[in-house]
Each structure stands twice: as structure tokens, then as C-alpha cells.
*Asks:* 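Once you've had a glance at the structure underneath, I'll fire off some questions.
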Amino acid sequence: MSEPSLPKTYDSSSVERRWYSCWEEKGYFSPSNHHADLPNYCIMIPPPNVTGSLHMGHAFQDTIMDALIRRRRMQGGQVLWQTGTDHAGIATQMLVERQLEALGTNRHDLGRDAFLERVWTWKRHSGGTIVRQLRRLGASCDWSRERFTMNPDLSFAVREAFVRLYNEGLIYRGKRLVNWDPVLQTAVSDLEVVSEEENGFLWHLRYPLANGSGFLIVATTRPETMLGDTAVAVHPQDERYLHLVGQEVILPLTGRRIPILADEYVDPLFGSGCVKITPAHDFNDYEVGQRHHLPQINIFTPDAHIASNAPEPYQGLDRVAARKRIVADLEQAGLLDKVEPHRLMIPRGDRSKAILEPYLTDQWFVKVAPLAEDAIRVVEEGRIRFIPANWDKTYFEWMRNIQDWCISRQIWWGHRIPVWYGPDGHQFVCNCEEKVYELAAEHYGYEVELIQDPDVLDTWFSSALWPFATLGWPKQTPDLAAFYPTDLLVTGFDIIFFWVARMIMMGLKFMGDVPFKEVYITGLVRDGEGNKMSKSKGNILDPLDIIDGIDLEALVAKRTMDMMQPHLAKKIESATRKEFPQGISPFGTDALRFTMASLATQGRDVKLDMGRVEGNRNFCNKLWNAARFVLVNTESELCGAHEGERSVLALPDRWILSRLQRVITTLDGAFDRYRFDEVATIVYHFVWGEFCDWYLEWVKPILYGTTIPETEKQVTRRVMLETLETALRLLHPLMPFITEELWQKVAPLVGRGQETIMRASWPRLDESLLDPEAEMEAEFVMRTVTAIRTMRSEMEIPPAKRLPLLAMGEEIFRLQRHETLVMTLARLESWQPLTGEIPQEAITAVLPGLQLFIPLAGVIDLTAESARLEKAIARLDADLARVMGKLANPGFLANAKPDLVATEQAKEHDLREKRLGLVEAAARLQKMKN
RNA sequence: GGGCGGAUAGCUCAGCCGGGAGAGCAUCGGUUUUACAAGCCGAGGGUCACAGGUUCGAUCCCUGUUCCGCCCACCA
């Protein structure tokens, strides 16, 4: 045995940094056909926000993607994990605007160009954070092809897509009621609205009838919009009001006369049954207005103050003040009937959290219905498959009710809409600014000044092109030919509409094919209590803090820094101190990744369990030490010829090789079904529960046995190495760093030394190594050893004490055959077949075909032993009752499968035999005591 | 209002095309046995939410109920 060449514990930090930079420098992440001619494989990363930072959701999804990519790379074929970042229009602009605010200025003071320069500076400054963090996760994406959604080539793709859709009439400009964010002062799409129920009021207002015969009472949650009312509506069948339809009311505070009309939209049972109609400020009223050709009166300025077309006293008031004033004025005029508390849905911007206004503006839209048709069909036909499958319901539901997509944003950071207006307002649409002037000159017959549309496109417009724009589209590049359609998309359910659906539509439109064949939908990563992680809750965990560790004070500081609501800081601090009293230990990337995989069960959110991370850190250490053991026993020894000589394999070798084959098979199955939890469990159990717990222990008597021939030792050394080396390859997709580190030392000893485990081949089943007989024999040994250990433990015999063993039964020949293994692991002093009488004073265990006795006269606590036996008998009785009940049931015998009946019968036999043995043992003890 | 998911050991979760209930962590007991105390050995712990139905047999299939979560939706 040589000196250990590895330290006693695995130190993740030094290993990780070393290997990642090595991999990247050597270009191992780029596609290369280093094995067989397998089909190409490609995954597009969901591009993270360029100014963002890594969160648990990334760690989760990127682990899954990287595991799949690494496995495919080992299997062979050209493998590309396309990476990059997204400019995230509104989010990034808000971030920079907040910085400006802190400096006491704003984007309007700066002007558009200077502002954009500032955003670019910020992007250059912070844009590296997330990609550095991705590297820390071990993500093997191809950095040489990294893209940013505002790179010139991607911007060109965006303009090209816009032009093509425009020319087909699938993009149009129009004045519509849109969701308007008065704080950001931009339109947003329907998807960017989050509505939540909040407390409000229902105001009942009196609108005087024009003929002076009384009032009509209308109920509203937004009294301030009454300034823009252009009608009052009732239900067509509502007896109460039918006679008034066609008449007019006088709109209070304005004096305008507006009609009373009948429309199905009105629910006669709600409120008073009369609805004020404000077409410019409510989506339903807008529809009603369209049906009845009502005028649209916009009473708000873009920042939601009352506009100058409203009565003078209200002009310039913001929404809240206007409401107060109007309600007060109505009350004073005796026009306020009553006010009731009311729960209602308040729409807010998902970024700004500001209350949105339905607002009448000119915007650009994509006409989606024609695109949606094909996008629905490809999922129906199975050309795109969701995993788990039930997400297709969500997809269909949205796609079948899809509304036109508002793509223009009144912000500055983003892709400028490639439309220019001539002096007469004529639209020129072009993918290139130089060319547009030629177009205009051609159109007018002379050169003109053009003004480009000031708006930018919704970020998701460029994201929708990601799967092909990153590969070179609209140019027909080799990459595009090689990797489109991509194979798999891994993403969260929260962006199925935002992103997945739109990629499908755009991919089909521009590439004529699906952008990916499968979509693996992950759940959300939640904290230990199951809460959504958010900055304001202060329960965010930075994946890097789990990898590198963080002390409590730093964690508290991190969680309470830069808070939007500073009053929550105290609560967050105490919760953090309670949850992580010691801070977080450095667990390493591999442990985090392994945990992510093991939590990745289908169709569920995952709660991050730090205990699990710790357990997997321990698993890394276990693997490390197993390798240490193997290396110590092989590095300066002879380790047999290639493949070993199978004819002389010892039982442990035959067993572990056979088990390894089964692991390869089940692991492949789990990978193919995207069951990463199973992948983790299978390999964890094999390495720890079989390789370490049994095999390495069994191997010791062979390696250290003085009577074992050297040739046999060499074979075992060889098998030990081969098994470990294969296990490292199997583990590599989930634990890239530790496996590389160990593989570099282990692989050369079996002649597999190459540059990197990343390009080693993925293990394949070798059927010739399957050995059911060896598995049976090994199970016998394990059963026997465990039985003896249990006796020892239950009878409180010190583990160090070497025990004598007597045995009888028809399986005794197996015991004979594997006596060294059993004796070593059960720490026996001796064993022999029982020939004479069963010793009265002995501990007894009964196994199928084998009775074991540990005769220890004078040492055994007889009372304890008989209690132990009674308990075991009681248990057997319960099992026996169940089996016998089943076998006594004619229905069971008639209907159950024959082999099941046979199994049950065998079970009954075993149970009876076991019971008999124990009952006899109990009787002997009883005799002793008397 | 519509749709989806969940309820299994103290905790976090697997399992179930119907036939002996599993893992990790936690707990308890033993243990410095020559890779590993981040270890080793052993043990305890569950009317599989509730009520019906189908079946020889249900944690699993069907129906209903309760509770929890999410998504979508125009009730002023």
C-alpha cells in the first residue's frame, strides 16, 4: 500500500476553478465530432437578463441543461449548448433610470442618445456578472458563440423579421385601447399585466335624466373616469329600465348629454343594473362603444393626470386626487347615492407594480391568429412535445384564445422599430437605415427627410427569434443547417406564453420548422418553507453562496441591502438568523448540482432543502474517499491485463460488474425520460450503497489476504479501477468537477487516459458482464452478514468482539463457499456447521434455508433475547396472516396471475420456516430459564 | 367562472399501467474496525387527506368531499 495521493476530504473550491478554465481554454465546450456519427444535438439557453444575476431558478435549469449536454457530448455527435444574454428592455431601463434618479437626474434630461450610451456602459460593466456565475455552475455552454440580443447580427434579424411580417400584413399599427403604465409611460402587453384582488369601493352615482324626471343610478369602481363617459347602458331585457332606453342623461360635472342604451354586456343583477360607459378607459366599455358607435373621450394624460379636455377644476389632478375631488363634488351636489366596500381586481405592471390604465394610443401589433394556427398544430401533431405532457393544455388554452400582440414600447432601450415616416406620414419599413432613404426617394421622386418611429420593440420580440437568430438567420449558415431545429428547450412554466409560444410561432414562420422538439418545463425553486423566493421577502439564496459558503453576517447584510421597503429589514434579519444560525457552509458546485437534479421531479415546484445539499456534499466526499482507497491500493501495484481475466473473477468482482451494467441501463432510461431525480438516486445508491458499503469491504480480504495469489489480487484491482472509472463517467453529467479531478488519476490506470472526462465515451451496457448468479450469491452474503450484525446490535454485543457462529440448513454450502466474505464483514471469530444439538444458550436468526446461532454461554441476556424473538415472531405472524388470507381466498386463486400465486406460496413457505425456527429458539430459551 | 397540480414517515419528496409502503435529512442505540466521524453498524417511525364505488384484492382506477397551491378570465 502506498501513501495516499489525495487529501482526506474533498476541497471543491480549488478543483472547480482549475478545471473550468482548463475546459474553456481547450475549447471542449464547442461542438466537435470526437466520437461516432451520432445526430447533432442542440439546446438553446433561455438567455438571462444581461444585467441580472444568477438565482436558484437558473441553477436548477442550467444544471439540467448541462447534464443533458454533457451526457450527449460523451455519447458522441456534435453538441451545442448555445448561450447568451437578453437585453431585457424594460427591466434594464428601469434599473438605469433608478441610478439616474439617485444622481438627481432622469433620462429626459439626458436625452435619448446619452441615455442609451449610459445603458450600454452599464451593460458592459455588469453584463459579465451572470456569465461568470454561469461558469461557476460548471455550465459547458459554448462561450465562443455567445450572443447578446442587441448584437448587430441579432438586431438585423429583428429588423428583417419585422419587415417580413409587415409586408405580409401580420404587423400593423393602430389606435387601440392598450394596457398603459403611467409610471413607465409605455404600453405593455396583456401578459405583462398582473391583476390582483384588492380592497376598493363601489360608488353609486346619480345621473339626472335629461327630461328632468329623476335619476339613473350607476355603480362604478372608478368614479374619476365618469368625466369620459359617453353613455349609460342597461340590459336589453331589464324591465326596470327598458322604457328609458333611447333617452338621455346629463353627465354630472360636465353637463354633457349622453344616451341610455341597451347592451347584453350589462349584468342586471350587479349593482343598480346600470353601467356608465367610458370607452376610452375601460376594455369592456371600449367594446360596447364600438358596438354602439360611441365617441371615445380620453380624459387622461400619459402620466394619468386629468387632461385639459376635462372641466377646468379637475385638470392636472392625478388619478387619486381626481377621484377624491369628483366624489366630493358629486356628494355636494347630492348625486352620490351610496358607497359600498368592494373587492376588485387591480391590474398592475409586472415590472413597475404601478396601477395600469386602459389607454387609447397608437401602437404596433402582431396579428397572431394566423401564426397561432400552425403553432397549435405542431403541438397537436406531436412535433413538439411538452414534458410533463399536461402543459400542452395550458399552451392550447392560451393559443386558442390568443389576442393580437402589442409589440411597441415607449421606452428607449431596445430594438428601435424599423419604420420611418415621410413628411406626409407615409410608412417606410426597411431592415437597413441607408436603404430606407433610397426607398423614400423612389417613392416621392425626390430626396426627403424621414423620421424614425421613436418606439422600441417588446423584448420578447427578439427573444422569439433566439433559436435561429443566434445561429445566423437570416443568413443560411452551416450552424443553422446543423442545429436547427434544436432538440430541447428547458424553461419555466411562467414563460410558456411570453417565450415558448412565440418562439414556436416565429420558428414556424421564418424557418418553416419547429424551433425545438421537446420542451421540458421545470417547476419553481422555493425556499425551505415553500415560499417563492423574492428580494422583498428576503428569502433569496444565491447559488454561489451555497457553492462557496457565506457567513451569517454577510448573508444578513446581503439580504437587507438595497431594499425597496426598508421596514422589512428587521424581520428578514431575524428570519435569516433563525434559518442559518451558522451561515452557509461551502458545499461546492457538484453538491448543489446533484441536489438540483435529485429535486427535479416532474410537474412540481421544488423546495430547496439545505439538508439535502449537505447530504450530497457528503456524497462527494464519500466518492472522494472511495477513490482515495482505490488509488492507494492500485497506484503502485500491478493491476492485471486489459479487461481483466473474467474466468478468474471473484464473486465481489462478478457482482459489482453485473450491478454496474444494470446501473448503466437504468440510468440511461432515467435520462431518456428526463427523470433526473431517478438519475441521482440510481447513481447515489450504486456508489454509496453498493460500491462503497459492500464491494470495497469485500475486496479487502482479497487485497490484503496473505493466501490469495497475486494474479487474483491483480484482477480485483483491475475490476475495482474499472468500476470506479465507469462510475465517474456516469456521474460526470451531474458532478463535472469532482469526476474530472478523480478521473484524471483513475483513468490512466485502466488505460483510458485522455485529455478530459468530458470527451470520454458514455458507458455502454456490456451484456457479457450481466451475472444473475453472482447477484444471487452476493445477496445471500449480504443477507447473512446483515442478520449477524443485527443480532449483534440488538443484543448489544460490542462491534469489536469476534463472534463464533454455528449454522445449519440446506443453504449452508453457500456459507461455506463465501465464508471469507461473511466472516470479515460480520467480524466472526470462527464458524462451523452445526452437527450435534442446538446449543441452548445462543442467539438465533433464521434466514431462508439457513439458521444461525451465536453460542455465547453466560454472556447473553436471556430476557432480552426472548423479547427479541417474541417481537420477531409477532411480526412474522402478521405477514403470515396476510399471505394465508390471500391464499385461502378462492377469488385470488382464480383471478391472480399464476406466477403471483406461486410467489405467494413460496412466501408462505419461507415465513413458516422462519417462524418455526424462531419458535423453537424461544422454546429452548424458555427451557433454559426453567 | 374555467383549467391544472398537490395531500404518502417528524421534514423534503419518490413510488403506484392494482397484488409485500421507499429514499435523503432528522431521531434513537452502538462504534476512533487499517478510504471516509462530512464516516461505520443497527433500530424505531406511516388506518398512503376523507367518504363512497369497481375488483378476489385499492396508496394506486372511478365518483364525490375537504384543504392547499398555481394559471387563465371583461362583471361595472
Side-chain angles (χ1 to χ4, degrees), chain A residues 1 4 6 8-10 195 202-203 218-222 225 233 265-267 269-278 282-287 342 344-345 388 390-391 393-394 396-398 401 493-494 496-497 523-524 528 530 585 587 595 598-599 601 603-633 675 677-678 680-681 684-685 689 692-693 696-697 700 704 786 789-794 796-800 824-825 827 879 882-883 885-886 889-897 900-901 903-904 907:
Chain A
M1 219 158 85
L6 296 178
K8 218 170 168 177
T9 48
Y10 170 55
S195 291
L202 195 59
W203 284 269
V218 298
T220 181
T221 53
R222 300 210 51 198
T225 64
Y265 155 68
V266 182
D267 175 0
L269 299 177
F270 187 89
S272 62
C274 299
V275 187
K276 61 191 268 309
I277 300 298
T278 323
D282 182 281
F283 288 101
N284 290 309
D285 293 6
Y286 181 83
E287 298 290 323
H342 183 66
L344 75 162
M345 297 293 272
N390 56 289
W391 285 108
K393 289 207 179 70
T394 306
F396 287 137
E397 173 65 19
W398 188 69
N401 298 296
F493 59 83
D494 49 332
I496 290 179
F497 306 146
L524 227 58
S585 322
F587 292 121
T595 306
S598 65
L599 293 175
T601 61
R604 254 205 205 209
D605 287 352
V606 301
K607 284 180 215 174
L608 185 70
D609 180 355
M610 292 302 281
R612 201 83 183 241
V613 183
E614 188 178 350
N616 290 327
R617 186 271 317 258
N618 295 353
F619 177 56
C620 290
N621 203 46
K622 187 74 180 173
L623 177 67
W624 183 260
N625 277 288
R628 211 167 142 248
F629 174 81
V630 171
L631 289 171
V632 161
N633 285 287
R675 288 304 303 262
D677 57 328
E678 288 180 26
T681 308
Y684 182 99
H685 178 256
C692 292
D693 285 352
L696 291 186
E697 296 304 323
K700 286 175 185 173
Y704 308 148
T786 302
R789 283 172 174 171
T790 305
M791 285 191 272
R792 182 197 289 277
S793 178
E794 286 183 352
E796 293 181 356
I797 299 165
T824 313
L825 268 72
R827 298 188 71 76
D879 288 348
R882 198 172 32 235
V883 175
K886 207 178 272 188
N889 179 347
F892 176 75
L893 296 174
N895 295 309
K897 286 178 194 147
L900 181 68
V901 176
T903 312
E904 292 293 316
K907 201 186 291 172

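To find a chain, count down the sequence lines: A is the first, B the second, and so on, and within it residues start at 1. This structure is a prediction, so every number in the text was calculated from the model and none was measured.
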*Asks:* Looking for any heavy atom pair under 4.0 Å, which part of the strands does A:R882 touch: base, sugar-phosphate only, or nothing?
*Replies:*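 Counting heavy atoms under 4.0 Å across all strands, the contact made by A:R882 is with sugar-phosphate only.
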
*Asks:* Write down the distance between CG (A:N625) and C1' (B:C40), rounded to a whole number of angstrom.
*Replies:*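 Roughly 13 Å, once rounded to whole Å.
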
*Asks:* Within this structure, what is the CE-to-C1' distance between A:M791 and B:A43, rounded to whole angstrom?
*Replies:*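 Distance check: A:M791 CE to B:A43 C1' gives 16 Å.
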
*Asks:* Among B:A76, B:G19, B:G39, which nucleotide sits nearest the side chain of A:V266?
*Replies:*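 For the A:V266 side chain, the nearest candidate turns out to be B:A76.
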
*Asks:* With distance as the sole criterion, is a donor-acceptor pair present between the side chains of A:T595 and A:N616 under 3.5 Å?
*Replies:*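 Yes.
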
*Asks:* Could you check which nucleotide pairs with B:A14 in any of the strands shown, counting Watson-Crick or G-U wobble with both distances under 3.5 Å?
*Replies:*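 Across all strands, not a single nucleotide pairs with B:A14.
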
*Asks:* With sugar-phosphate meaning primed atoms plus P, OP1 and OP2, does A:Y265 contact a base, only sugar-phosphate, or nothing at under 4.0 Å between heavy atoms?
*Replies:*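 If one applies the 4.0 Å heavy-atom cut-off, A:Y265 turns out to touch a base.
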
*Asks:* Heavy atoms only, 4.0 Å cut-off, all strands: where does A:A219 land among base, sugar-phosphate and nothing?
*Replies:*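 Base: the residue A:A219, judged by heavy atoms under 4.0 Å, touches a nucleobase.
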
*Asks:* Do the numbers put A:K622 on top of the ring of A:Y10, so that NZ or CZ is under 6.0 Å from the six-membered ring centre and no more than 45° off the axis?
*Replies:*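 A:K622 over A:Y10 ring: no.
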
*Asks:* Roughly how far apart, to the nearest Å, are B:A21 and B:G45 at atom P?
*Replies:*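 To the nearest whole Å, 14 Å.
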
*Asks:* Any side-chain heavy-atom pair from A:E614 and A:F619 closer than 4.5 angstrom?
*Replies:*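 No; the side chains remain at least 4.5 Å from each other.
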
*Asks:* To the nearest Å, give me how far apart CD (A:E397) and C1' (B:G3) are.
*Replies:*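 Whole-Å distance recorded here is 6 Å.
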
*Asks:* Please name the nucleotide paired to B:G42 by Watson-Crick or G-U wobble geometry with both distances under 3.5 Å, or report none.
*Replies:*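 Base partner found: B:C28.
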
*Asks:* Roughly how far apart are A:K907 NZ and A:D879 CG, rounded to 0.5 Å?
*Replies:*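 The CG atom of A:D879 is 8.5 Å from NZ of A:K907, to the nearest 0.5 Å.
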
*Asks:* Pairing check on B:A51: which nucleotide meets the Watson-Crick or G-U wobble criteria with it, both distances under 3.5 Å?
*Replies:*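 By the stated definition (distances under 3.5 Å), B:U63 pairs with B:A51.
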
*Asks:* Anything under 3.5 Å between a protein N or O and an N or O of nucleotides 54-59 of chain B, put it in a table, one pair a line.
*Replies:*
residue	atom	partner	partner atom	Å
B:C56	O2'	A:N889	ND2	2.5

*Asks:* At their closest point, which heavy atom of A:H342 faces which heavy atom of A:L202, and how far apart are they?
*Replies:*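 Where A:H342 meets A:L202 most closely, the heavy atoms are CB-N, 3.7 Å.
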
*Asks:* Could you work out the separation of B:A73 and B:U55 based on their P atoms and round it to a whole Å?
*Replies:*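 It comes out at 44 Å once rounded to the nearest Å.
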
*Asks:* Provide, to the nearest angstrom, the distance between the CD1 atom belonging to A:I496 and the P atom belonging to B:C71.
*Replies:*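 A:I496 atom CD1 is separated from B:C71 atom P by 12 Å.
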
*Asks:* Base, sugar-phosphate, or nothing for A:F283, non-hydrogen atoms under 4.0 angstrom?
*Replies:*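 Since no nucleic acid heavy atom lies under 4.0 Å of A:F283, the category is nothing.
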
*Asks:* Please determine whether a side-chain nitrogen or oxygen atom of A:N618 lies at a distance below 4.0 Å from atom OP1 or OP2 of B:G39.
*Replies:*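 Yes, within the criterion.
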
*Asks:* Over all strands shown, is A:K276 touching base, sugar-phosphate only, or nothing at heavy-atom distances under 4.0 angstrom?
*Replies:*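 The answer is nothing, as A:K276 stays clear of every strand by at least 4.0 Å.
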
*Asks:* Looking only at heavy atoms, what is the nearest atom pair of A:D605 and A:L524, with distance?
*Replies:*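 Between these two residues, the closest heavy atoms are OD1-N, 2.9 Å.
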
*Asks:* Between A:T220 and A:E697, which has a closest nucleotide on RNA chain B that is more 5'?
*Replies:*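 Of the two residues, A:E697 wins.
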
*Asks:* Over all strands shown, is A:G689 touching base, sugar-phosphate only, or nothing at heavy-atom distances under 4.0 angstrom?
*Replies:*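 Since no nucleic acid heavy atom lies under 4.0 Å of A:G689, the category is nothing.
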
*Asks:* Rounded to the nearest 0.5 Å, what separates atom CZ in A:R617 from atom OG1 in A:T9?
*Replies:*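 Reported to 0.5 Å precision, the distance equals 9.5 Å.
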
*Asks:* If you define the side chain from C-beta out and look only at heavy atoms, does anything of A:V218 sit under 4.5 Å from A:V275?
*Replies:*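 Not in contact.
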
*Asks:* Give me the distance, rounded to whole Å, that separates B:C62 from B:A23 when you measure between the C1' atoms they each carry.
*Replies:*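 To the nearest whole Å, 31 Å.
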
*Asks:* Assign a letter to each nucleotide of nucleotides 5-15 of chain B from its 5' end: B, base within under 4.0 Å of a protein heavy atom; S, sugar-phosphate only; -, no contact.
*Replies:* SSS----SSSS

*Asks:* Is the distance from OP1 or OP2 of B:A76 to the nearest side-chain N or O of A:H342 less than 4.0 Å?
*Replies:*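 Answer is yes, contact under 4.0 Å.
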
*Asks:* Pick base, sugar-phosphate or nothing for A:T786, based on heavy-atom distances below 4.0 Å to the nucleic acid.
*Replies:*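 Contact class for A:T786: sugar-phosphate only.
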
*Asks:* Between A:F396 (CZ) and B:C4 (P), how many Å, whole number?
*Replies:*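 Interatomic distance, CZ of A:F396 to P of B:C4: 14 Å.
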
*Asks:* Nearest to the side chain of A:E796, heavy atoms from C-beta on, is which of B:G29, B:A35, B:C40?
*Replies:*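 Nearest listed nucleotide: B:G29.
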
*Asks:* Rounded to whole angstrom, note down the C1' distance from B:A9 over to B:C48.
*Replies:*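 After rounding to an integer number of Å, I get 10 Å for this pair.
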
*Asks:* Check every atom of B:G19, B:C36, B:A73 against the side chain of A:R628 and return the nucleotide holding the closest atom.
*Replies:*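 The listed nucleotide nearest to A:R628's side chain is B:C36.
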
*Asks:* What's A:C620 touching, base or sugar-phosphate or nothing? Going by heavy atoms closer than 4.0 Å.
*Replies:*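 Nothing, no nucleic acid heavy atom in range.
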
*Asks:* Could you measure between the two C1' atoms, the one in B:C56 and the one in B:U66, and give it in whole Å?
*Replies:*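 Taking atom C1' in both B:C56 and B:U66, they lie 32 Å apart.
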
*Asks:* Pick base, sugar-phosphate or nothing for A:E287, based on heavy-atom distances below 4.0 Å to the nucleic acid.
*Replies:*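 Counting heavy atoms under 4.0 Å across all strands, no contact is made by A:E287.
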
*Asks:* Hey, does A:R789 reach any base, or is it just sugar-phosphate, or nothing, if we go heavy atoms under 4.0 Å?
*Replies:*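 Sugar-phosphate, no base atom in range.
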
*Asks:* Does any part of the side chain of A:T278, heavy atoms only, come nearer than 4.5 Å to the side chain of A:R222, both counted from C-beta?
*Replies:*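 Of all side-chain heavy-atom pairs linking A:T278 with A:R222, none is under 4.5 Å.
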
*Asks:* A:N401 side chain to A:E397 main-chain N or O, any donor-acceptor pair under 3.5 Å?
*Replies:*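 Yes, the answer is positive, given that a donor and an acceptor are paired below the 3.5 Å cut-off.
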
*Asks:* Please name the nucleotide paired to B:C4 by Watson-Crick or G-U wobble geometry with both distances under 3.5 Å, or report none.
*Replies:*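 By the stated definition (distances under 3.5 Å), B:G69 pairs with B:C4.
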
*Asks:* Looking only at side-chain atoms of A:S793, point me to the closest of B:G20, B:U33, B:G42.
*Replies:*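 It is B:G42.
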
*Asks:* If we ignore hydrogens and angles and just use 3.5 Å, is the side chain of A:D282 paired with the main-chain N or O of A:D285 as donor and acceptor?
*Replies:*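 Answer holds: yes.
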
*Asks:* Of the nucleotides B:A76, B:A35, B:C40, which has the atom closest to the A:D693 side chain?
*Replies:*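 The answer is B:C40.
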
*Asks:* Could you check if a side-chain atom of A:K886 sits within less than 4.5 angstrom of a side-chain atom of A:L893, using non-hydrogen atoms only?
*Replies:*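 SC-SC contact between A:K886 and A:L893 ruled out.
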
*Asks:* When rounded to the nearest Å, what value does the distance between C1' atoms of B:G53 and B:G20 take?
*Replies:*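 To the nearest whole Å, 25 Å.
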
*Asks:* Expressed in whole Å, how much space separates the C1' atoms belonging to B:U33 and B:C40?
*Replies:*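 Those two atoms are separated by 8 Å.
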
*Asks:* On RNA chain B, check which nucleotide each of A:F619 and A:N616 is closest to and give me the residue with the more 5' one.
*Replies:*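 Of the two residues, A:N616 wins.
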
*Asks:* Given the P atoms of B:A58 and B:G19, what is the spacing between them in whole Å?
*Replies:*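 Those two atoms are separated by 11 Å.
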
*Asks:* Whether A:K8 contacts B:C36 is assessed here as follows: a side-chain N or O lying under 4.0 Å from the phosphate OP1 or OP2. Is that the case?
*Replies:*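 Affirmative; the distance criterion is met.
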
*Asks:* From the set B:A76, B:G39, B:C71, return the single nucleotide nearest to any side-chain atom of A:F497.
*Replies:*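 Looking only at side-chain atoms, A:F497 lies closest to B:C71.
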
*Asks:* State which of B:G42, B:G39, B:G20 makes the closest approach to the side chain of A:K907.
*Replies:*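 In terms of side-chain proximity for A:K907, the closest of B:G42, B:G39, B:G20 is B:G20.
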
*Asks:* Can you confirm whether A:R827 sits close enough to A:R789 that some side-chain heavy atom of one is under 4.5 Å from a side-chain heavy atom of the other?
*Replies:*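 Heavy-atom side-chain distance check fails, nothing below 4.5 Å.
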
